[in-house]
Each structure stands twice: as C-alpha cells, then as structure tokens.
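Note that the coordinates shown come from a computational prediction; the quantities given were computed from them, not determined experimentally.
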Amino acid sequence: MTKNLLNLNSTYAKKFFLSQEAYSNMELPPYFMFDKLLLSIEKSFAGELTFSDLIDAKKNETVNHILYGNKDGKYAWRKYEIINPLIYVSLVNIITEKSNWKVLQERFKEFQRDKNIECESIPVLPTSRSKQKAMQISQWVNNVEKKSIALSLEYNFLYQTDITDCYGSVYTHSLPWAIHTKAISKNKRNYGDLFGNKIDHHIQAMSFGQTNGIPQGSILMDFLAEIVLGYIDCKLLKKVTSILKDKKFHILRYRDDYRIFVNDISDGDAILKCLSEVLSSLGFRLNTNKTCFDEDVVSGSIKKDKMDALRFEYVPKKLSKKELLRQLLIVQQAGKQFPNSGTLKNRLSKILDVIKPEYFYKQERVIVSLLIDIAYNNPNSFSIIAGLISNCIDKLSNKKKEEIVAMIQSKICTLANTGLLEIWTQRMSLGLKSKLNFNEKLCKSVYDNSQRIFETNWIKDVKIKNIIDSNVYIDKKLISKTKTKIKNKEVQIFSYYDW
C-alpha cells in the first residue's frame with residue numbers, strides 16, 4: 001500500500017517537507033538544489049517567525065519568486081511560486097511541531113470518516129525507485145481513474161466538476177476554521193492562540209498581506225489546500241445526507257476535481273447544488289465550463305485525451321527517421337486538440353526513450369522546428385521537448401548548436417510569461433561558449449552570484465539573510481560539468497517501461 005504524508009510522524013513529516021520535491025514541484029534542471037538552502041536555514045533557525053517578522057514581510061508586494069505556466073497553450077496562465085525559504089522553514093516548523101502534527105492527523109481522520117466521499121489526493125511519498133510526482137500520478141490512475149471504472153458496476157451516472165481557480169480562491173482564515181472549527185477560531189483570533197492562526201499569517205506574509213489565495217507550486221501548499229478541501233467534504237456530506245437521506249451515492253475527490261456517482265439524475269443535480277452552496281460559503285465557485293454529465297460511466301471515467309490516443313498505436317520501441325517524424329506529427333496534432341495533456345507528455349517521453357542519434361541525421365532543423373511548434377502550443381511539456389532537442393543537435397558543431405538555441409530563444413520570446421521556458425532553453429545552452437541573455441531571474445542567477453530571486457530586506461537575522469542572498473541553491477560544480485545534451489532522468493517522470 002502506498003504511504004502518504006499522514007502515515008508519517010512529525011519528525012519524518014518535517015524531513016519530507018524540507019526536501020527538494022516537497023519545496024518545489026515545478027520541473028527544474030538538477031543544478032537548482034533548494035533543499036541545500038532549506039537545510040542551511042533550518043540549522044540556523046530552529047523556531048518560527050514572530051508576528052512582528054510577518055508584519056514586516058507583509059509590507060513587500062511579494063517575498064516569493066513567481067513563475068508562470070501556461071494551461072492551454074494560449075491565454076490561460078497559472079502562477080507558480082517558489083516560496084521565500086525562511087517563511088517556508090518557519091511554516092514547516094509550526095506544522096510539524098509534535099502536538100500540532102497530531103492535531104492535523106486527527107483532523108484528517110475526521111474528514112475521511114465517512115466513505116461516501118473519498119479523497120485520493122493526500123500527497124504520497126516517493127520510493128527508492130520512483131519520484132514523488134510519478135507516485136502521485138500513479139495514485140491518480142489507480143485510485144481515481146481505475147476506481148471510477150470499477151464504480152460503473154454500482155452506479156449508472158457520473159457527474160464531473162471542479163473549482164474555479166481553487167488555490168487562488170482559498171480564504172486564508174478558512175485554514176484555522178478547518179483545523180480548529182469555525183466557532184473556536186472566531187473566539188481565538190490572536191496570533192498565538194491557535195497554530196492555525198500562525199499558518200494563516202504566514203501565508204498572508206507571502207502575498208502582501210492578502211487573505212485570498214495560497215501559492216501554487218509546492219507539496220506543502222497542496223497539503224494545506226487539502227485541509228480546507230477536507231473541511232468542505234465534511235460540510236458537503238452533512239448537507240447531502242440531510243437531503244438524500246438513505247439514497248446511494250459516492251464521490252471521489254482529487255484535489256479540486258470531483259467525480260459524483262449516482263443512480264438517479266435528480267440525485268446528481270442535488271449534490272451539485274449542495275456542493276455549489278458549500279463552496280460559495282467559503283469563497284469558491286464551481287467551474288461551470290468543466291461541469292459535465294455522463295450516462296456511460298466507463299467512458300466518462302477516462303480523460304478525453306486518453307480516449308483519443310486509442311486511435312494511434314504505441315510508440316514503437318524501434319524507430320526510423322521517417323517514423324520519428326510521423327510520431328512527432330501525431331504529437332503535434334494531439335497537442336492542438338488537447339493542449340498540455342498528460343497523454344502528450346507521456347508520448348514525448350516514450351519517444352525520448354527510444355530515439356538514437358542516426359534518426360536526426362540531416363533533418364535536425366526539421367525536427368527542431370516541429371518540436372518548437374509543439375512546445376509553442378504545449379508549454380508545460382517544454383522540459384521533455386528540451387531533452388529531445390538536445391539529443392537532436394548533440395552531433396552538430398558548437399557553432400550550429402548556438403545558432404539553433406538562439407533561434408529557439410527568439411521564438412519563445414514571442415510568448416508571454418516565458419520564465420520556465422527560458423530556464424530550459426538556458427539548460428540546453430550550457431556547455432556552449434556563448435551565454436544567452438535571459439529575463440528570468442533564476443537564469444540570471446546561474447551566471448551572476450549577485451542576482452537575488454527572493455526579497456530579503458525584511459529579515460532581521462543577518463546570518464539567515466546572507467544564506468538566502470548567497471545563491472546556495474545553485475550547484476556551480478554541477479553546472480561546470482553539465483553538457484548541452486540533457487540526460488533523460490533530468491526531464492522524465494516515467495521511462496518507456498514504467499507507463
């Protein structure tokens with residue numbers, strides 16, 4: 001059975017939260033090693049920030065580092081944040097304090113007591129063989145997709161919906177409500193009264209004192225979101241059972257995505273109405289654009305991009321120059337219909353596993369152009385695409401490599417919010433003599449030790465301020481050994497045989 005965070009004691013939970021994968025779940029090159037930064041701070045800072053410290057942090061428009069990812073290849077942007085490491089360590093210390101962690105574990109037991117709603121998105125733990133992200137994806141496939149298919153034996157109808165801008169809509173005061181109950185939280189509002197209040201103010205300190213929204217881009221924030229969503233589950237169940245009485249229903253929730261199984265259409269409509277009302281009471285809204293109904297539970301349980309992919313055979317284990325182009329054209333067309341889909345990323349990953357240098361010979365420009373066209377419409381796949389491009393140009397002269405990488409940079413600059421794309425373009429350029437100019441601060445910090453990505457002027461402790469400003473999160477030795485060709489393990493979540 002896969003272990004999740006709630007199976008850990010407070011000591012191991014803290015160790016997990018201070019790991020690289022927990023701190024930032026964005027796909028970054030391996031020379032960004034934020035766990036070194038977190039452990040350096042943790043050694044010098046064993047406690048927590050004071051209310052006065054947080055007031056000072058709130059005076060800054062942002063103390064975190066912000067990047068943007070594209071959701072649809074067009075105009076839907078998702079903000080990701082690399083949390084200020086001092087606030088992060090302080091927040092981890094509060095959450096994993098032994099008595100506080102015990103309260104959270106007991107609270108989640110209460111959230112999950114009624115099995116009519118199953119939450120399948122508690123962060124799972126990595127193993128010696130698999131990354132955390134790979135384990136989380138496997139969790140979704142086994143406990144949401146496959147379980148949904150199995151539920152077709154018991155239920156005739158499936159409703160699906162999600163929450164509009166879930167993380168951006170979290171009311172920070174709802175965190176102490178969810179942990180301690182609303183009644184207790186209303187009576188104990190001072191910073192030191194409840195540890196839920198401390199969590200609330202730490203999150204406000206990350207966003208200019210605002211009380212709406214939590215940062216996206218870390219497992220810690222995924223976990224905090226689960227506290228609020230678990231609280232919503234309890235309120236929803238209470239409301240639904242009072243209306244439907246003894247009628248049979250089942251709800252699978254993965255983060256802010258809901259799958260509602262019923263045998264009567266009116267029951268599904270009633271549950272959606274209850275969910276909408278509960279969400280509204282906490283400042284959330286149902287996403288009407290993604291709310292749908294299926295009479296075919298099996299087909300409805302599988303994502304549309306996966307169903308569409310059944311039209312094509314698997315990526316063959318042996319390719320040819322002609323077959324490589326054909327496979328990339330399949331990906332290009334799929335990417336236009338289902339931008340940034342997991343199926344597209346999976347197919348690209350399989351291609352990366354089976355390619356050989358001879359497949360690129362005398363068609364490097366064609367392949368690079370096709371890959372950049374795919375990336376242009378599917379920016380979330382750019383790390384794997386960068387891996388493919390680096391393989392494609394690996395046998396070219398450095399001069400030709402530099403020309404191609406420069407053209408790639410020029411092409412992606414026509415998109416807005418290109419920070420993550422710049423990071424992987426820079427990764428492709430390492431090992432070449434020329435240094436490209438980038439706007440992204442993380443890219444600049446690779447070349448320039450004086451470049452800062454976090455706001456630290458509010459930090460009183462000079463030693464900790466110097467640790468954060470020293471760019472210890474960049475492994476210069478690893479960069480000096482890095483070649484232009486990107487290794488598969490840098491960009492792959494699964495290998496050909498894993499998925």
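- Using a distance-only test at 3.5 Å, with no hydrogens or angles considered, a donor-acceptor pair links the side chain of T50 to the main chain of D53.
- In terms of modelled atom types and a separation under 3.5 Å, the side chain of K483 and the main chain of L430 share no donor-acceptor contact.
- In this model, a donor atom of one side chain and an acceptor atom of the other lie less than 3.5 Å apart for R259 and S148.
- Distance alone, capped at 3.5 Å, places no donor-acceptor pair between the D233 side chain and the C119 backbone.
- The closest donor-acceptor contact from the side chain of R253 to the backbone of E118 lies at 3.5 Å or more, if one exists at all.
- Put simply, the side chain of Q105 gets close to the backbone of L8: a donor and an acceptor are under 3.5 Å apart.
- Side-chain atoms of Q136 and Y254 include a donor-acceptor pair closer than 3.5 Å.
- A cation-pi arrangement is found for K235 relative to Y231, the charged atom lying closer than 6.0 Å to the ring centre and inside a 45° cone about the ring normal.
- For K102 and E106, the salt-bridge test passes: some basic side-chain N is under 4.0 Å from an acidic carboxylate O.
- T418 and Y68 form no side-chain donor-acceptor contact under 3.5 Å, judged by distance and modelled atom types alone.
- Under the 3.5 Å distance criterion, with hydrogens and angles disregarded, no donor-acceptor pair is assigned to the side chains of T62 and N64.
- Counting only N and O atoms by type, the side chains of Q451 and N471 include no donor and acceptor under 3.5 Å apart.
- More than 12 heavy-atom neighbours from other residues, nucleotides or ligands sit within 6.0 angstrom of NZ on K476.
- Although no hydrogens or angles enter the test, the distance criterion places no donor-acceptor pair under 3.5 Å between the side chain of Q160 and the main chain of T291.
- Between T425 and Q409, the side chains place no donor N or O within less than 3.5 Å of an acceptor N or O (distance only, hydrogens not considered).
- Using a cut-off of 4.0 Å between Lys/Arg side-chain N and Asp/Glu carboxylate O, K147 and E145 are scored as not salt-bridged.
- Stacking of K36 on the aromatic ring of Y473 is not recorded, the 6.0 Å distance cut-off and the 45° axial limit not both being met.
- With hydrogens and angles left out, the side-chain atoms of S90 and H202 include a donor and acceptor closer than 3.5 Å.
- Y376 and T414 share a side-chain donor-acceptor pair at under 3.5 Å.
- Counting only distance, with no hydrogens or angles, the side chain of Q132 and the backbone of P126 share no donor-acceptor pair below 3.5 Å.
- Side-chain rings of W101 and F223 approach one another, their centers coming within less than 6.0 Å.
- Looking only at distances, a side-chain donor or acceptor of E455 sits under 3.5 Å from a matching main-chain atom of N457.
- Side chains of H250 and K115: a donor-acceptor N/O pair is absent below 3.5 angstrom, by distance only.
- Salt-bridge check for E110 with R113: failed, with every basic side-chain N at 4.0 Å or more from each acidic carboxylate O.
- Annotation: side chain to side chain donor-acceptor pair (under 3.5 Å) contacts involving residues 26-35, sequence neighbours excluded, comprise E27-K345, E27-S383.
- One side chain, E97 or S99, offers a donor N or O that lies under 3.5 Å from an acceptor on the other.
- Q216 places no side-chain N or O within donor-acceptor distance of the main-chain N or O of Y167, the cut-off being under 3.5 Å.
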